[in-house]
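Written below as structure tokens is the structure these notes are about.
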Amino acid sequence: MNIAAVLLGVALLVIIATAGLATTAAVRGTRINGAVRPLERWSRSVAGAMGATAILLAIPAIGDRLNAATHVDNLSMLLAHLFGIACLTSLRVLLVTWTYPPSAREAALRLRFATAGAFTVAATIAFAMADRSGIAFINADAQDGGVGTYLMITDSYWVLAGAMIARDCIPLAIDNARSGHRTIAVGQALLAAGGAASALWGATEAAYVALTHMVGGAWSLGVQDAVSSSLAALYGICLFAGIAASAMRPAVTRQ
């Protein structure tokens, strides 16, 4: 029996079940007299927890021990990316409460969860098909077909979700700044900066992978790793600072 396949199957079932429960809870939060405060608290808490977990799993000392304990190569990288998807999705859920009227929230939430679920399933399948000893799901091994496919999937979600977060937060931050709600305006501006950092991170990595496969090479790996690390750090800083500041009330919303 392939223990890696079993663990990945179990992980995928858990992810699907969690997404289903989260969707149900989030949708119910929009049906209680149009109240969105429980949904806002839920999305902020989940975004922070998922982001922190992704960062912890990306630490070699922790990730390597997880891989050794489960005997699954690169499992920590897969989980870090899946928690990253959950973090960005939770931020997009938060923005639904700020940008959609009650009548349109349910459809908006379902679309966001469905998109995240599709990327999660695609990334997990690509990982299961490509994972083996001797490779890592990083830019250094982007020339491998399976690794390249996996990276393109995850990078695409960083671009999509990050760009949407930046797009929604910029006008919100401007509106709240004009209305005198400076603290939440700063929080939304930080989230917009984090979203932009996520989008640039994904775009540069996707371009690096694509060029590696199309023309046999791209720019220096050292340059790309430096860019990726800087943008990932910027995203993390803006994420936690933005979540904290945007928890303040009152706020102007666009609905």
- Message: In this structure, would L239 and L190 fall into the same cluster of hydrophobic residues linked by side-chain contacts under 4.5 Å?
- Response: no
- Task: Would you check if there is a donor-acceptor pair between the side chains of Y157 and T89 at a distance under 3.5 Å?
- Result: yes
- Message: Would you say that Y208 contacts T204 through its side chain, given a criterion of any heavy-atom pair below 4.5 Å between the two side chains?
- Response: no
- Message: Quick check: is M164 connected to L94 through a chain of hydrophobic side chains (ILVMFWY, heavy atoms under 4.5 Å apart)?
- Response: yes
- What's the spacing between R105 CZ and R110 CZ if we round to 0.5 Å? 15.0 Å
- With W158, which residues qualify under side-chain hydrogen bond (donor to acceptor under 3.5 Å, both in side chains), at least two apart? none
- Query: Are I62 and V72 grouped together when hydrophobic residues (ILVMFWY) are joined by side-chain heavy atoms under 4.5 angstrom apart?
  - Reply: no
- Using a 4.5 Å side-chain heavy-atom cut-off and chaining through intermediate ILVMFWY residues, the residues clustered with L234 come out as none
- Kindly work out whether a path of hydrophobic side-chain contacts (I/L/V/M/F/W/Y, heavy atoms less than 4.5 Å apart) joins I165 to V186. no
- Are any non-hydrogen side-chain atoms of L160 and T115 less than 4.5 angstrom apart? yes
- Message: Can you give me the closest heavy-atom contact between A173 and A189, atom names plus distance?
- Response: CB-N, 3.8 Å
- Task: Might you point out which heavy atoms bring T154 and A123 nearest each other, and give the distance in Å?
- Result: CG2-CB, 4.2 Å
- Message: Tell me if a side-chain donor or acceptor on T53 pairs with a main-chain N or O of A49 at a distance below 3.5 Å.
- Response: yes
- Message: So does A142 get a backbone contact from the side chain of H213, meaning a donor-acceptor N/O pair under 3.5 Å?
- Response: yes
- Item | N/O donor-acceptor pair under 3.5 Å between N74 side chain and I135 backbone | yes
- Flag side-chain contact, heavy atom, 4.5 Å: L211 against W219: yes
- Message: Pairing donors with acceptors under 3.5 angstrom, does anything connect the side chains of T212 and Q143?
- Response: no
- Sequence-distant partners of F240, ring-ring contact (aromatic ring centres under 6.0 Å, His included), two or more places apart: none
- Item | Any side-chain heavy-atom pair of C169 and L95 under 4.5 Å | yes
- Which residue pairs pass the salt bridge (Lys or Arg N to Asp or Glu O under 4.0 Å) test when at least one of the two sits in residues 141-150, sequence neighbours left out? R132-D144
- Quick one: NE2 on H181 to CG on D175, what's the gap to the nearest 0.5 Å? 10.0 Å
- Residues A206 and M152: closest non-hydrogen pair is O-SD, 3.5 Å
- From R92 atom CZ to L109 atom CG, the distance as rounded to the nearest 0.5 Å: 10.5 Å
Identify each donor-acceptor pair in which a side-chain atom of residues 78-86 lies under 3.5 Å from a protein atom, sequence neighbours left out, and give them as a table.
| from | atom 1 | to | atom 2 | distance (Å) |
| --- | --- | --- | --- | --- |
| H81 | ND1 | Y150 | OH | 2.7 |

- Message: Show the nearest heavy-atom pair for residues A192 and I170, with the distance to one decimal.
- Response: CB-CG1, 3.8 Å
- Tell me the side chain to side chain donor-acceptor pair (under 3.5 Å) pairs involving residues 57-67, sequence neighbours left out? N67-S76
- Query: Under 3.5 Å, side chain of R112 to main-chain N/O of A108, donor-acceptor pair present?
  - Reply: yes
- Could you tell me whether a side-chain N or O of S229 sits under 3.5 Å from a main-chain N or O of A226, the two making a donor and an acceptor? no
- Message: Nearest 0.5 angstrom please: I243 CD1 to C238 SG, how far?
- Response: 11.0 Å
- Test item: V93 and F113 side chains (from C-beta on) under 4.5 Å apart, heavy atoms: yes
- Without swapping roles, check the side chain of N176 against the backbone of L172 for a donor-acceptor pair under 3.5 Å. yes
- Taking the side chain as C-beta and beyond, is there a heavy-atom pair between D168 and L191 under 4.5 Å? no
- Between S156 and F119, which heavy-atom pair has the shortest distance, and what is it? CB-CE2, 3.9 Å
- Task: Assess the side chains of Q224 and S220: does a donor N or O sit below 3.5 Å from an acceptor N or O?
- Result: no
- Query: Do M50 and W42 sit in the same hydrophobic cluster, where Ile, Leu, Val, Met, Phe, Trp and Tyr count as joined when their side-chain heavy atoms come under 4.5 Å apart?
  - Reply: yes
- Output the distance between atom CG (L57) and atom CG (L66), rounded to the nearest 0.5 Å. 6.5 Å
- Note on the structure: Closest non-hydrogen contact found for V159 with A199 is CG2-O, 3.5 Å
- Message: Nearest 0.5 Å, please: how far is CD1 in I174 from CZ in R178?
- Response: 6.0 Å
